[in-house]
Each structure stands twice: as C-alpha cells, then as structure tokens.
Amino acid sequence: MYSQIDEKIYLYFLAVIPIIVILFLINLYWKRKKQREFGDVELVKKLSPEKSVFKPVLKITVLLLALASLIIGLANPKIGTKMETVKREGIDVVFAIDVSKSMLAEDMAPNRLDKTKQIVSQIINQLGSDRIGMVAYAGSAFPVLPITTDYGVAKMYLQGMNTDMVSSQGTSLEEAIKLSANYFDKGNATNKLIILISDGEDHSDGVDGAIEEALKIKAKVITIGVGTEKGGPIPIKRNGVVENFKRDQNDEVVVTKMNQEILKQIGKGTKGGYVYGGNTKEVLDYVKNALDNIEKTEFETTQVADFQSQFQWFLGIAFALLFIDIFLLERKTGWISKLNLFNEKES
C-alpha cells in the first residue's frame, strides 16, 4: 500500500490544534482561579449540580478531531494499491537555457528570457512520453532539473529560472552542452536531444568544443535563437521599473545583439538544426518535426498505480463529529452520572 498527499500546504493548519488546546487549558485554569476567588469550591459545585467536569473536555476533543479531519480532507490523501513498472517509448531531452544578463534585453517581448520560458513551456506541452531535464548557463553551467517524466515539476522549475542563478557572467555554450551531456545515462541506448536556447553571445570561443561534446555522446543539438540582430540595451530595474541600462567600462550603454551564426554552426555540426525563436508556432512545428524524425527508444519507469482520493472519508468524519457536538451539552448526562465513571461527587 502506498500513499501520497495532493495539497500538503493545508497540513500546516494542523499547527492550530495545539494552540487551541493551550488556550482551552488557560481558560480552564482561569475559571478555576475565579471560582476559588468567588468562594468555597465545594459550595460553587452545589450551586451548579448539573455542571459536568468531563463534558467541556469531551466537547473540545470532538471539535479538535473534527477540525483535524477537515484539514486532512482538504489535503486530499491518496492511497495507491500497487507499484508497477510501465514501459514507455521516447527520447531524452535536455533543455539548456541561457540565463546570462543579456537575456534581459527587451528586443523580443517581454524579454529574451521570458520568451525562452514561453517557448520551452509550449515544447513541453507537445511532448509525449519523453524524459526531460533542464540546465541553466551563463559563464558556467548549473543543473536545474535532472531527467524526469514529471512535466508539472519541470514547468515549476522553469518559471523559477532567472539571471541570478549563475554567478559567473558571460555565455559559455561549451559548458552548457558539457553539463547537458552529463545528464544522459552513458549506458542507455535512448536517443538524446539537447535543445539549447540562447541569444548566441558566446564569450568563451568554445563553439568547436561545444560541438565536440555533443558528438561524444551522439546527441543532436537543436538551437533556438532569441533576440534580434539589431539588439537592445540591458535594463537595470527596481520593483519592475527601469532605472538605468547596463554600461561598459567607457560608460557607454551596452547593446547586446543576437548571434545566429554561432547557433547555426552548433545545430549543423551536431545534425540537429537551428530555428529562430521569434515565432513560437514556427519553433513548435520545427521541434515537433525533429522529434518525429528521431527514433524512439523503449525505457521503463516505475510508478504507483491506481491512486484513489480518500478526502471524502475525512470530510464525512468531520461533519459527523460536528453533528455530534451539537447534542453535547456541558451539563451531566443522567445515566452516565449514575455510573459515576469519573468519580464526580453527588451533590
């Protein structure tokens, strides 16, 4: 039997329960203290012979159990009945995404990096059963997401990518492909594809090295160019407002331009290809056509099957307990009083 929880964030509300217990105990202590101040405790009990010591504790316990059941129900626990190995056909795809400062240029709306995220997200949407990974790079490369079939998690990591992820600035396409190559299982016959998105401003002069790294592992590289050849400045923003533009050592505004030739060279050298990212539909059609022409390999993934939601049981328990609470009064119950289970003295 295997289990998982859909909305774990709701479980944080369980922290309210011990707080309520503490407040209840404080209130109970305060009442007892006031009773002693008012007069003789035994006399007070005789003045209210029907008041039960146990019933308030029972009521708060029922309410807390109802609250806990409601919270667990909202979290939607699921139970899976078995673990099974599923055979799938696909390829391994690693997205290498440029996060250098030049990707903040707004010559492609809304800016080069946000346009890249849109493109990658749309490519993921049209994938079938392929496994994907993600790499961020600038002057060096940084692993973002290992090879996975969980597209939802991949999109979450994608949206969190920014130009502060990699400390060393510049753009090293060789480092990007070298790290991407490490994502692939060397002993796995699954066909490999690297989709590299960049403005092509490579400051490392490592284009030949990038091609060589890809050929070593027999991986094709599809390059996607973002930006324009005319280029644009790199804005420096605070709270979403442009305060200035990046300047060079001579205090001149830096204009970053897309370099298609480098990207085309990598695409051609690895038998992958190049496509300009200005039109998202054209990019999607190009990538889809490339994927259709790559032979799919069968691989196995292990997953829990037949997950069933269990929230209805907990919500049912919560409402049942709340219904019971309506009929729980703080005075003594006659037949329970006769049993004297809690040693409550008769008045």
**OP:** Indicate yes or no: at least one non-hydrogen side-chain atom of Tyr183 is less than 4.5 angstrom from one of Pro143.
**Re:** yes
Subject >> Test log, rule side-chain contact (heavy atoms from CB on, under 4.5 Å), inputs Val144 and Ile97 >> reply: CA-CA 10 Å; Val144 175; Ile97 298 171; over 6 Å; no
**OP:** For Asp130 and Ile91, work out which heavy atoms get closest and say how close.
**Re:** OD1-N, 2.8 Å
Original post:
Between the side chains of Lys246 and Ser102, is a donor N or O closer than 3.5 angstrom to an acceptor N or O?
Top reply: no
Subject >> Within 6.0 angstrom of Tyr286 OH, more than 12 heavy atoms from elsewhere >> reply: yes
Original post:
Looking at Lys101 and Asp164, does any basic side-chain N land under 4.0 Å from a carboxylate oxygen?
Top reply: yes
**OP:** Quickly, which of Ile294, Ile132, Ile194 forms a side chain to side chain contact (heavy atoms under 4.5 Å, CB included) with Val93? Name it, please.
**Re:** Ile132
**OP:** Applying side chain to side chain contact (heavy atoms under 4.5 Å, CB included), name anything that partners Lys117, two or more places apart in sequence or on another chain.
**Re:** Leu113, Asp114, Leu158, Gln159, Met161
Original post:
Any idea which heavy atoms bring Leu173 and Ser198 closest together, and the distance?
Top reply: CD2-OG, 4.1 Å
Subject >> Shortest non-hydrogen contact between Ile266 and Ile177, atoms and distance >> reply: CG2-CD1, 4.1 Å
Original post:
Any luck finding a side-chain donor-acceptor pair between Asn191 and Lys220 under 3.5 Å?
Top reply: no
**OP:** Might you work through the side-chain contact (heavy atoms from CB on, under 4.5 Å) test for Met103 and Asn111, ending with a clear yes or no?
**Re:** CA-CA 7 Å; Met103 294 292 283; Asn111 62 42; over 6 Å; no
Original post:
For the side chain of Thr270 and the backbone of Ala214, is there at least one donor-acceptor N/O pair under 3.5 Å apart?
Top reply: no
Original post:
Under a single-linkage definition using a 4.5 Å side-chain heavy-atom cutoff for Ile, Leu, Val, Met, Phe, Trp and Tyr, are Met258 and Val253 assigned to the same hydrophobic cluster?
Top reply: no
Original post:
Any luck finding a side-chain donor-acceptor pair between Gln260 and Tyr274 under 3.5 Å?
Top reply: yes
